[in-house]
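Predicted, not measured: the structure shown is a model, and the values here were computed from it. Each chain gets a letter, A, B and so on, in the order the sequences are listed, and its residues count up from 1.
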Protein chains: 2
Amino acid sequence: MIEDAGQIFSTFKQTAQGGAPLYLQLKKSIEDAVNRGLIGPGDALPSERDIALKADISRVTVRKAVQDLVKGGVLVQRHGSGTFVAPRMERVEQSLSRLTSFTEDMARRGMSVRSQWLDRGLYAPSPEEMMVLGLSSNELVARVARLRIANDTPLAIERAALSARVLPDPAAVAASLYATLQTGGNRPVRAVQRISAANLGEEDSRLLEVAPGVAGLHIERISYLASGKVIEFTRSIYRGDAYDFVAELRLSEPGNIGDRP
Amino acid sequence: MIEDAGQIFSTFKQTAQGGAPLYLQLKKSIEDAVNRGLIGPGDALPSERDIALKADISRVTVRKAVQDLVKGGVLVQRHGSGTFVAPRMERVEQSLSRLTSFTEDMARRGMSVRSQWLDRGLYAPSPEEMMVLGLSSNELVARVARLRIANDTPLAIERAALSARVLPDPAAVAASLYATLQTGGNRPVRAVQRISAANLGEEDSRLLEVAPGVAGLHIERISYLASGKVIEFTRSIYRGDAYDFVAELRLSEPGNIGDRP
DNA sequence: GAGTGGTCTAGACCACTTT
DNA sequence: AAGTGGTCTAGACCACTCT
């Protein structure tokens, strides 16, 4: 009953509750309609102007409600085209205890993978890179940055930095960085990751094809060789709506779990 | 030179670049001023009306720029009081391989900890709770929800669900849920966590004292007893700007968790 | 060209904090 | 009482997409 979608808005002012701001009430109305299945993934909403007219509120107010839902991942907007219910995103699970390669990981799931190169070259290292990778100032750093795409959905931006000694020719990296490293006997066996959440900025959101401000996962990874040497320093940004990281926790030392007030 | 802060805006239109939207240019100006230390944490910005006047743009446009920065965690606004540069937040690190207690974790860092109860009681289980906890429909579920606060900063919302068999009296839970469980010999020894990013909703952002829409971490945890039985199912929401989760990855680990059939 | 979202304006009133 | 952010209006023009 997609035709009924319009009724959500024509009856809006009557069902209004005095207290809450209009844009929050409208937001809730739309959210409810989506959750109750009145409008499903891919369905178009009426235009902002239509909603404003039917609900008898200004377009600015409609826009505020819609924008909130876009940032929350409920709706998507396409300039010049319209506003739609966001497609159901099947989340990709990734283990946080096994060191795997993106390419190999996705292949195992039967997903098509491609990458778009953002950067591949040798540079003078930043102070941070010198510190982490243990470079001296006259050495070079190899930077490899790419947009990871699975099933035609951009999932992550990966920016890796390695010593030029282990990757003298960054342009030679094909689909998998780890595969390239392995041929030189430099595949990492251990890594430490730091995960946090942040709202995506202009640039990142454009690459990941989501609205600016939606939540993403920032991941910093430092990878080690069996010898204990740092081999790779990677900063990645993952789409928050597409990724589930899975970790297993164990009680390492018995007896340290009980809280004390 | 805090007095110079006003000049950021009075010279705004002259330094404007034709192409980009005004609110993005203004956003960048403010962001730069913060990054260059022209205005530091805690400093007040001019009022939205003042900025609009000095920059010769409308208040709505100023507001859009400022709101973006608030959602990005750069600024904070206090209703009736003003707009300020956000205080530097020292992030809390949490291991993703050890099953630890929030209270003890914070104490080890020398931070004061308290909790605010949001819910403590017995309920009819949801279908999901029945599934995960292995309850039948005539059994009850114990729900324990609280807001975790460290150094007077709310950090996380924890909503735990357990079988009423192991927690017949949720109101008896004091500071630590695990301590209560331990007295009944029901201490979990292993857990699987699922981590993703999402923009915080109205309710959650109010509790965590951040603007609606800022990025947060959603964590689902299922805890197991030594016997392998599920004991606890917890949904938590962490502030994205306050938490760093740290995980260690290894090449081939026998105990794999993220894999599916 | 018609319709859509994206940006912008110049006001207005309300709710809240500070003095 | 004065000043602040929070909400809301009724327009306008631009950039883009669809057909």
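Remark: aromatic rings of Phe245(B) and Phe245(A) are distant, center separation not under 6.0 Å.
Partners of Tyr123(A) according to the side-chain contact (heavy atoms from CB on, under 4.5 Å) rule, which considers only residues two or more places apart in sequence or in another chain, are Asp119(A), Val141(A), Arg143(A). Partners of Asp244(A) under the side-chain contact (heavy atoms from CB on, under 4.5 Å) rule, at least two apart in sequence or in another chain, are Arg91(A), Glu93(A), Arg194(B), Ser196(B). Contacts of Leu53(A) classified as side-chain contact (heavy atoms from CB on, under 4.5 Å), with partners at least two apart in sequence or in another chain: none. Ala52(A) is linked by a side-chain contact (heavy atoms from CB on, under 4.5 Å) to Arg59(A), Val62(A), counting only residues two or more places apart in sequence or in another chain. Residues meeting the ring pair (Phe, Tyr, Trp, His ring centres under 6.0 Å) test with Phe233(B), sequence neighbours left out: none. Residues satisfying the side-chain hydrogen bond (donor to acceptor under 3.5 Å, both in side chains) test with Gln77(B), not counting sequence neighbours, are Glu48(B), Thr83(B).
Rounded to whole angstrom, the span from the CZ atom of Arg63(A) across to the P atom of dT7(D) amounts to 17 Å. The NZ-P distance, from Lys64(A) to dT7(C), rounds to 14 Å in whole Å. Rounded to whole angstrom, the span from the NZ atom of Lys27(A) across to the C1' atom of dT7(D) amounts to 15 Å. Per the geometry, CG belonging to Asp50(A) stands 10 Å off P belonging to dG3(C), to the nearest Å. One atom, CD of Gln77(B), and another, P of dT4(D), lie 13 Å apart when rounded to the nearest Å. Note: CD (Glu48(A)) to P (dC8(D)) measures 16 Å, nearest angstrom.
Residue Ser47(B) has no polar side-chain atom (N or O) positioned under 4.0 Å from OP1 or OP2 of dG3(D). Taking 4.0 angstrom as the limit, Thr83(A) places none of its side-chain polar atoms (N or O) nearer than this to OP1 or OP2 of dT4(C). Remark: Thr61(B) is in phosphate contact with dT9(C), judged by side-chain N or O atoms under 4.0 Å from OP1 or OP2. Distances shown here put a side-chain N or O of Tyr23(B) below 4.0 Å from the OP1 or OP2 atom of dT7(C). Neither OP1 nor OP2 of dC8(D) sits under 4.0 Å from any side-chain N or O of Ser58(A).
Residues of residues 65-73 of chain B having a heavy atom closer than 4.0 Å to DNA chain D: none are found.
For residues 204-218 of chain B, every residue pair satisfying the salt bridge (charged side-chain N to carboxylate O under 4.0 Å, His left out) rule, not counting sequence neighbours, is listed here: Glu203(B)-Arg206(B).
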Could you encode protein contacts along nucleotides 11-19 of chain C as a string, one character per nucleotide from 5' to 3', using B for base contact, S for sugar-phosphate-only contact and - for no contact, with a heavy-atom cut-off of under 4.0 Å?
-BB-BBB--
